[in-house]
Structure formats: structure tokens, C-alpha cells
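The structure appears below as C-alpha cells.
Just the heavy atoms: all of them, side chains too, but no hydrogens, waters or symmetry mates, feed the values below. This is a predicted model, so every value here is computed, not measured. Chain naming here is simple, since letters A, B, ... match the order of the sequence lines and numbering starts at 1 in each.
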2 protein chains.
Amino acid sequence: MALEHAILVSLLEQPGSGYELARRFDRSIGRFWTATHQQIYRVLRRMEADGWVAAEEVAQDGRPDKKVYSAAGPGRAALAEWLREPVEPETVRHELAVKIRAAAFDDPAALTALISEVERHRESHAALLARYLHGEQRDFPDLDALDTRQELQHLVLRGGIEFERMNLAWLDDVLATLRRLASG
Amino acid sequence: MALEHAILVSLLEQPGSGYELARRFDRSIGRFWTATHQQIYRVLRRMEADGWVAAEEVAQDGRPDKKVYSAAGPGRAALAEWLREPVEPETVRHELAVKIRAAAFDDPAALTALISEVERHRESHAALLARYLHGEQRDFPDLDALDTRQELQHLVLRGGIEFERMNLAWLDDVLATLRRLASG
DNA sequence: ACAATCATGTAAGCCGTTACATGATTGG
DNA sequence: CCAATCATGTAACGGCTTACATGATTGT
């Protein structure tokens, strides 16, 4: 239940509207925490009611008004408290792994279908890795001159990069194995 | 929503009661799909109503009766159909990553607390890797003599092993970085 | 005696997804 | 003119977690 905390971190890095937050969750934050705009709006209202965030109505010309949220004192305190609590292990849900083991109980044609599926996954992971590497060059051009905040952001990004490299290597392994089984 | 399918795969590999399934989800299957016994019982009842699984009451001496489930024809058909549908990308929820970025907005003491947390995580991932490697030696002593089902099981296990190796390497990176930031 | 294991369940509540709705502006 | 973007929301449903409940047996 860390959506509140992910939102607080994002607002501390940069105040913004619910809409802007939703876009950040689609882009950078979505690397390690996903959320739809409906979730974000609902949680923002609750956080505002609890005094965790402060909202300021901002009139815009040519666009609808927006409510710009920023992290408030009680929100920072809640974040600090949460930081000191242990987190439980992440629950794993790996559909592709279920499919691979399921393929043993289907006819050989299922292996062929699974190969196409895995190829699609491989492509999307390769694209994600490319985006990470591009973002790294753009946001961290000089790795020897980072402040603490950037160091921590880059640390998380490195995790994403290594995760995707591992994924690609494993998916190559999966493809080689499935092709061997499909042809043999 | 692949819990049904994960259960079907498990029952195809070996029929069993809800309780036994829950234990498998705690052990081997939990590597790529988690579920509590409450979820499993509820889904099993629905699957039985839909004819996906067949239940047989088994009386035991000294223990409560149990219902042993096995995958039925419609269940296998549903699994085959699901295998041919594309899966969406997994949603990522990485609490530790949120905490690392949150640490930038707390006092330095938070970094120290986070280091202990990461050390705990490192230990549990190291233990998991050791269990995977041990299980690999036990269940797949001769990698050149595997049937298709075992090949696919080993493929998934290799994914788990590489995932944990990647995790360990990244957590070492995290510890080194946090310690440098905490002392500097 | 006590804890652990076997075996199954109810109930409450939050979380998350999906679909739908509104209404204005900008760019092709 | 149509699609996309900006901006916020309601409603319904189902999934998942947490807490609680029951009751017997085996091992220390």
C-alpha cells in the first residue's frame, strides 16, 4: 500500500496536478510503481482530507483549471515514518512463467504460439532498456557530479537497467529452448 | 487474473487438496505466482462449479477428510485458450525503489535505517538463491536427460536463479551507494 | 501441556481495473 | 473536421488481504 508514498515522493520532487502525476506514473515512476489516473485522483482526495498534501487552484487560459498539489508537513512525517517501517517481500506475479509451465500440457502448436508471444515480450523489454539508457544519458550526463537526490534516482535507474538486461538474457534463453522443443 | 491457470497447471502436474495447493503456492509455485489459502479455496469452488476441476472426497484416518482436486477437460480447454491469448505487461510494484527515492527527502538517519532494511532484503534474496540452486541440484541432477515438462520447469527455474543473482548484485550496489552517502 | 500441522471456511474492507462521462483547446 | 491532449471525475465489479473461527492429530 505504498501508492500514497510514491505520490508523496513525486510531489516532493515536483508539485503537480493529478493529471500530471498520472503522466509521471505512466513514464518515469511507472518503472517501479504503476497507477491509473482514477487511483491517483481518489488517493489525492483522501490525502488532502488527511492534510498530507496541500492543493492550490490554478487558473489557466485556454485550459481547464487545475489543482496543483504539494506535499505538506503531515505528509512528510508520514513518509518518514513509513521509511522506518520494514517492507514485506514483494508478491510475484509472472504470467509468462505460468504459461511456460502450462505449455507442457498442451499440444505442440501451443509452443509455436508461445514463441510469438515471447518474441513480442522480448521486443518490448528491449525497447524499455533502450529508453532507460537514453534517459540515463539525458538526465545523468556527468555521473561524477550528482547530488544526493540524483544519486538515489540513478541508483533506482541502474536497478531498472539491470533488471531489463537480465530479462532480455532470460527471454533469449526461453526462445532458444522453446525453438529447440518445438522443432525436436 | 491467472490464478485459475496457475492452479490448473499445478493440478495437472499433481492433483491435490486446497490445502496442498496452498502449500505449493508457498513453496515452488510461489516463485512466480503467490496466493493465500483463502483465495485458493474460493477459486477452487468456482472452478468446480464451472467444471474446470473435478473433486473427489478422500477419507483419511487420523486427519480430516480432504477434497482432492484434479484438472478436468473444460479446465484443460480453458488453459489451452488462455495460452493462445496475449498477456499484458506485468505491473511493477517495487517498494524498495520508492523508499530509496524517498530517502532524499528525509534526514540522514533515514539512510542508516534504510541500510539495515536493504541488508535484510539482501539476506533473504541470498537465502532464496541458495534454495533455488539446491532445488536445481535435487530436481534436475542430469540436465542432459530431461523430458519436455522438466525442460520447461527448469527454464522457469533458471529465470528465478538469474533474477535473484541480478537482485543480489543490485542490492550490493545499493548498499555501497547508501553507505557512501551516509558517511560522506 | 503446548506448538505445529492438517484441513476448510466466513466476513469485512480496501485496492485496482474497466467503462463511461464531460468539456475545452490545439494541431494536422 | 477529427484526433489528441488537458483536466477531472462517477460507478460497478472483482481481486486480494487480514482477521477470525473450528477442530482434530502429531510431536516435543
Side-chain angles (χ1 to χ4, degrees), chain A residues 1-7 11 15-27 29-30 32-50 53 55-69 82 85 87-95 98, chain B residues 1-7 11 15-27 29-30 32-50 53 55-69 82 85 87-95 98:
Chain A
M1 225 186 19
L3 178 55
E4 291 96 328
H5 306 109
I7 287 176
L11 289 179
S17 68
Y19 187 84
E20 284 162 352
L21 278 171
R23 280 178 57 236
R24 288 185 218 167
F25 273 79
D26 269 352
R27 302 206 215 292
I29 303 176
F32 53 90
W33 205 270
T34 54
T36 62
H37 78 275
Q38 289 85 347
Q39 276 176 274
I40 290 169
Y41 282 124
R42 205 160 9 128
V43 171
L44 273 175
R45 253 174 288 150
R46 189 173 65 217
M47 289 168 81
E48 192 187 356
D50 294 344
V53 296
E56 194 194 357
E57 297 267 352
V58 174
Q60 302 181 108
D61 53 316
R63 286 181 200 297
D65 294 356
K66 63 180 178 180
K67 286 174 82 171
V68 172
Y69 292 93
W82 172 73
E85 281 166 16
V87 292
E88 328 87 87
E90 317 281 334
T91 61
V92 177
R93 301 275 152 100
H94 201 317
E95 254 182 312
V98 179
Chain B
M1 225 187 18
L3 178 54
E4 291 95 328
H5 306 108
I7 287 176
L11 290 179
S17 69
Y19 187 85
E20 283 162 354
L21 278 171
R23 280 177 58 235
R24 289 186 218 166
F25 272 80
D26 268 353
R27 303 205 214 295
I29 302 176
F32 54 89
W33 205 271
T34 54
T36 62
H37 77 275
Q38 290 85 349
Q39 278 176 272
I40 290 169
Y41 283 124
R42 198 151 24 114
V43 172
L44 274 176
R45 253 175 287 151
R46 189 173 66 217
M47 290 168 80
E48 192 187 356
D50 294 345
V53 296
E56 193 195 357
E57 297 268 351
V58 173
Q60 303 181 110
D61 54 317
R63 286 181 201 297
D65 294 357
K66 62 179 179 182
K67 285 173 84 171
V68 173
Y69 293 93
W82 172 74
E85 281 166 17
V87 291
E88 326 88 88
E90 317 280 334
T91 60
V92 177
R93 301 273 153 100
H94 201 319
E95 253 182 312
V98 179

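Nearest-nucleotide positions on DNA chain D place Arg42(A) closer to the 5' end than the other of Arg42(A) and Ala35(B). Of the two residues near DNA chain C, Tyr69(B) and Thr36(A), the one whose nearest nucleotide lies more 5' is Tyr69(B). Ranked by how close their nearest DNA chain C nucleotide is to the 5' end, Arg45(B) and Val43(A) are led by Arg45(B).
For the pair Glu90(A) CD and dC16(D) P, the interatomic distance rounds to 16 Å; values are reported in whole Å. If you measure from atom CZ of Arg27(A) to atom C1' of dT5(D), you get 11 Å, rounded to the nearest angstrom. Following rounding to the nearest Å, Glu4(A) (CD) and dC14(C) (P) show an atom-to-atom distance of 12 Å. What separates CE of Met47(B) from P of dG15(D) is a distance of 13 Å, to the nearest Å. Distance CD (Glu57(A)) to C1' (dG9(D)): 14 Å, rounded to an integer number of Å. We find that CG of Asp65(B) is positioned 15 Å from C1' of dG9(C), with the value rounded to whole Å. Per the geometry, CZ belonging to Phe25(B) stands 15 Å off C1' belonging to dG15(D), to the nearest Å. Remark: P of dC6(C) and CD1 of Ile40(B) are 14 Å apart, rounded to the nearest angstrom.
Taking 4.0 angstrom as the limit, Tyr19(B) places none of its side-chain polar atoms (N or O) nearer than this to OP1 or OP2 of dT8(C). Checking the phosphate oxygens (OP1, OP2) of dG9(D), no side-chain nitrogen or oxygen of Tyr41(A) falls inside 4.0 Å. Residue Arg46(B) has a polar side-chain atom (N or O) positioned under 4.0 Å from OP1 or OP2 of dG15(D). The side chain of Arg23(B) places an N or O atom within less than 4.0 Å of a non-bridging phosphate oxygen (OP1 or OP2) of dC6(C). Residue Ser17(B) places at least one side-chain N or O closer than 4.0 Å to OP1 or OP2 of dT8(C).
Here the options are Arg46(A), Arg42(A), Arg45(A), the test is salt bridge (charged side-chain N to carboxylate O under 4.0 Å, His left out), and the partner is Glu4(A); only Arg46(A) passes.
Taking 4.5 Å as the limit, some side-chain heavy atom of Leu21(A) sits within range of a side-chain heavy atom of Leu44(A). Trp33(A) is listed as a side-chain neighbour of Leu3(A), based on a closest heavy-atom distance under 4.5 Å.
At a threshold of 4.0 Å, the pair Glu57(A)-Lys66(A) does not count as salt-bridged, since none of the basic side-chain nitrogens sits closer than that to a carboxylate oxygen.
Listed candidates were dT18(D), dG16(C), dT8(C). Nearest to the side chain of Lys67(B) is dT8(C). The nucleotide whose nearest atom lies closest to any side-chain atom of Glu20(A) is, among dT18(D), dA7(D), dT8(C), dA7(D). For Gln39(A), counting side-chain heavy atoms from C-beta on, the closest listed nucleotide (dC16(D), dG9(D), dT17(C)) is dT17(C).
A distance-only check finds no donor-acceptor pair linking the side chain of Glu95(B) to the backbone of Ala2(A) [under 3.5 Å]. A distance-only check finds a donor-acceptor pair linking the side chain of Arg93(A) to the backbone of Thr34(B) [under 3.5 Å]. Under the 3.5 Å distance criterion, the side-chain polar atoms of Glu20(A) are matched with a main-chain donor or acceptor of Ser17(A).
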| field | Sequence-aligned protein contact record of nucleotides 20-26 of chain C, with B where the base is within under 4.0 Å of a protein heavy atom and S where only the sugar-phosphate is | value | B--B-S-

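Note that CZ of Arg24(B) is 10.0 Å distant from CD1 of Ile40(B), once rounded to the nearest 0.5 Å.
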